[in-house]
Amino acid sequence: MKRFWLPAIAITMAISNGFSQDVEAISLYDGTANQTPNEQAAAIRSEAITSTSIPVLPDETVVLGVGVLLNTASNNAEYSGYSNYDPVSSSFHKPSIFNTNTLNRITGYSITFKLRLDTVTNEVDNTNPRAVFSAIAISSDLMGVEIGFRLGEIFVQSSGFTSEANSAAFTTTSLKEYKLTVLGSNYALEEVTAPATFAPILNGSLVTYSFNRFTSNPPLPFDPYATGSFIFFGDNTGEAKGVFTLGDVDFTPIPFDFAPTGGIIALGAIAGLRFLAARMRDKSSK
């Protein structure tokens with residue numbers, strides 16, 4: 001009996017602890033500090049996705065108390081934004097936070113960010129889905145999601161970038177906070193309407209993206225979709241241009257806080273194990 005009971009207790013405690021962990025968010029960029037991500041030496045910085053030629057940086061302006069405004073319409077290099085990865089050194093900006101195994105979809109993670117589309121000067125429709133702003137999260141095993149933000153719509157790129165895998169009508173021209181959660185084989189995008197209050201926008205299955213960096217126009221010096229634990233916020237296409245404002249960006253390795261449901265499950269498991277143990281004791285005494 002002891003051989004069964006002790007492992008069962010350990011398993012139940014592991015389940016309970018998994019639900020009761022309270023993991024604090026890690027700041028990747030503090031938009032209220034009145035600095036650009038590079039000035040702040042933040043975990044996400046510019047020039048991660050650039051052409052192989054010498055990049056021409058876009059107009060970048062600090063928005064006091066909010067974050068950074070990026071005008072990609074003035075960017076001759078076509079691509080611009082902020083990432084946790086530096087392709088020049090093939091390393092992460094903050095190794096204390098990120099390595100290739102950090103974005104573990106099995107244990108789960110979440111990323112929150114504040115965003116506003118200010119203007120869009122060129123935008124492609126859903127027959128050739130491109131967006132002036134994209135949020136990319138590639139997990140450690142290279143399954144991930146790319147979410148595009150356009151005027152009045154948020155969509156998810158298909159694995160070959162030829163269609164919208166998922167989409168929803170949404171107002172993107174006002175500053176809002178979004179939460180992207182990845183767990184197992186699935187993602188969910190929500191609007192943070194108040195602390196600990198969320199409104200669902202999109203959810204679906206993660207994909208493995210098929211991308212040829214040499215045929216992209218202009219070509220990229222590395223393949224972001226083949227880079228484990230890669231994060232990007234910005235304009236990653238030469239077919240859409242505009243202006244966007246990016247605010248606070250936070251990362252949480254395990255997106256689980258204690259919830260009554262988790263507590264009930266754990267308590268139910270304990271009760272069930274106690275009942276089973278009692279039945280086995282009765283049988284052994286007969």
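Along the sequence shown, the residues carry numbers beginning at 1.
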key: Joint hydrophobic cluster, Val68 plus Val63, side-chain heavy atoms closer than 4.5 Å   = no
(Q) Side chains of Lys94 and Arg45, heavy atoms from C-beta outward: is any pair under 4.5 Å? (A) yes
Val243 versus Val132: any side-chain heavy-atom pair under 4.5 Å? no
Note: Phe222 and Pro87 closest approach over all heavy atoms is CD2-CB, 3.5 Å
- Please lay out, stage by stage, how Ser46 and Asn38 fare under the test side chain to side chain donor-acceptor pair (under 3.5 Å). CA-CA 7 Å; Ser46 65; Asn38 286 35; 3.1 Å; yes
Note: Phe232 and Ser83 closest approach over all heavy atoms is CD1-CB, 4.0 Å
Steps toward side chain to side chain donor-acceptor pair (under 3.5 Å) verdict (Ser27, Asp30)
CA-CA 7 Å; Ser27 175; Asp30 181 2; 5.8 Å; no
Checklist entry - Does a donor on one side chain sit under 3.5 Å from an acceptor on the other, for Asp118 and Thr245? => result yes
(message) With a 4.5 Å cut-off on side-chain heavy atoms, are Leu189 and Ile147 touching?
(response) yes
> Which is it for Thr102 and Tyr109 under the side chain to side chain donor-acceptor pair (under 3.5 Å) test, yes or no, and what are the steps along the way?
Replying inline: CA-CA 9 Å; Thr102 302; Tyr109 59 88; over 6 Å; no
(message) Between Ser158 (side chain only) and Ser163 (backbone N and O only), is there a donor and an acceptor less than 3.5 Å apart?
(response) yes
To the nearest 0.5 Å, atom CZ of Phe113 lies from atom NZ of Lys179 at 12.5 Å
| query | How about Thr112 and Glu177: do any of their side-chain heavy atoms sit closer than 4.5 Å? | reply | yes
query: Do any N or O atoms from the side chain of Ser229 and from the backbone of Leu103 form a donor-acceptor pair under 3.5 angstrom?
result: yes
Closest non-hydrogen contact found for Ala43 with Phe98 is CB-CE1, 4.3 Å
Minimal heavy-atom distance between Leu202 and Val156, with the atoms involved, is CD1-CG2, 4.0 Å
(request) For Arg105 and Gly184, indicate whether the former's side chain and the latter's backbone hold a donor-acceptor pair under 3.5 Å. (result) yes
Starting from Leu246, can I reach Phe170 by hopping between I/L/V/M/F/W/Y residues whose side chains sit under 4.5 Å apart?
yes
Can you tell if the side chain of Lys176 reaches within under 4.5 Å of the side chain of Lys114, non-hydrogen atoms only? no
Are Asp250 and Ile26 close enough that some pair of their side-chain heavy atoms sits under 4.5 Å apart? no
Between the CZ atom in Phe244 and the CG atom in Leu70, the distance rounded to the nearest 0.5 Å is 4.5 Å
Output for pair (Leu183 CG, Ser139 OG), nearest 0.5 Å, gives 10.0 Å
No-hydrogen, no-angle side-chain donor-acceptor test under 3.5 Å, Glu190 and Asn203:
no
Salt-bridge test for Arg150 and Glu164: reply yes if a basic N is under 4.0 Å from a carboxylate O, no otherwise.
yes
Margin query: Using 30° and 60° as the class boundaries, would you call the ring planes of Tyr85 and Phe92 parallel, tilted or perpendicular?
Written below: perpendicular
With distance as the sole criterion, is a donor-acceptor pair present between the side chains of Asn166 and Tyr187 under 3.5 Å? yes
Worksheet item: Hey, are the side chains of Asn84 and Phe230 touching, using non-hydrogen atoms and a 4.5 Å cut-off?
Response: yes
Going through the distances and angles, do Asn236 and Glu146 end up as a side chain to side chain donor-acceptor pair (under 3.5 Å)? CA-CA 11 Å; Asn236 67 340; Glu146 176 172 334; 3.1 Å; yes
Quiz item: Are Ile106 and Leu180 co-members of a hydrophobic cluster defined by side-chain heavy atoms under 4.5 Å apart?
Solution: no
- Would you sort out whether Tyr82 and Phe233 count as a ring-ring contact (aromatic ring centres under 6.0 Å, His included), showing the intermediate values? CA-CA 5 Å; Tyr82 307 98; Phe233 300 96; 8.7 Å; no
Rounding to 0.5 Å, atoms OG (Ser159) and CG (Leu206) come to a distance of 12.5 Å
To the nearest 0.5 Å, atom OG1 of Thr119 lies from atom CG of Asn71 at 6.5 Å
Taking every heavy atom of Pro37 against every heavy atom of Ile44, the minimum-distance pair comes out as CB-O, 3.1 Å
Rounding to 0.5 Å, atoms CG (Leu175) and OG1 (Thr172) come to a distance of 12.0 Å
State, yes or no, whether a side-chain contact exists between Ser205 and Asn186 at a heavy-atom distance under 4.5 Å. yes
Practice task
Classify the ring geometry between Phe133 and Phe149 as parallel (under 30°), tilted (30 to 60°) or perpendicular (over 60°).
Solution key: perpendicular
Heavy atoms of Gln157 and Ala165 approach each other most closely as O-CB, 3.9 Å
task: Compute whether any side-chain donor of one residue and acceptor of the other, for Ser140 and Asn104, lie under 3.5 angstrom apart.
output: no
key: Hydrophobic cluster identity match, Ile97 and Ile136, side-chain contacts under 4.5 Å   = yes
Could you state whether Ile138 and Phe211 fall into the same hydrophobic cluster, counting links through intermediate Ile, Leu, Val, Met, Phe, Trp or Tyr residues with side-chain heavy atoms under 4.5 angstrom apart? yes
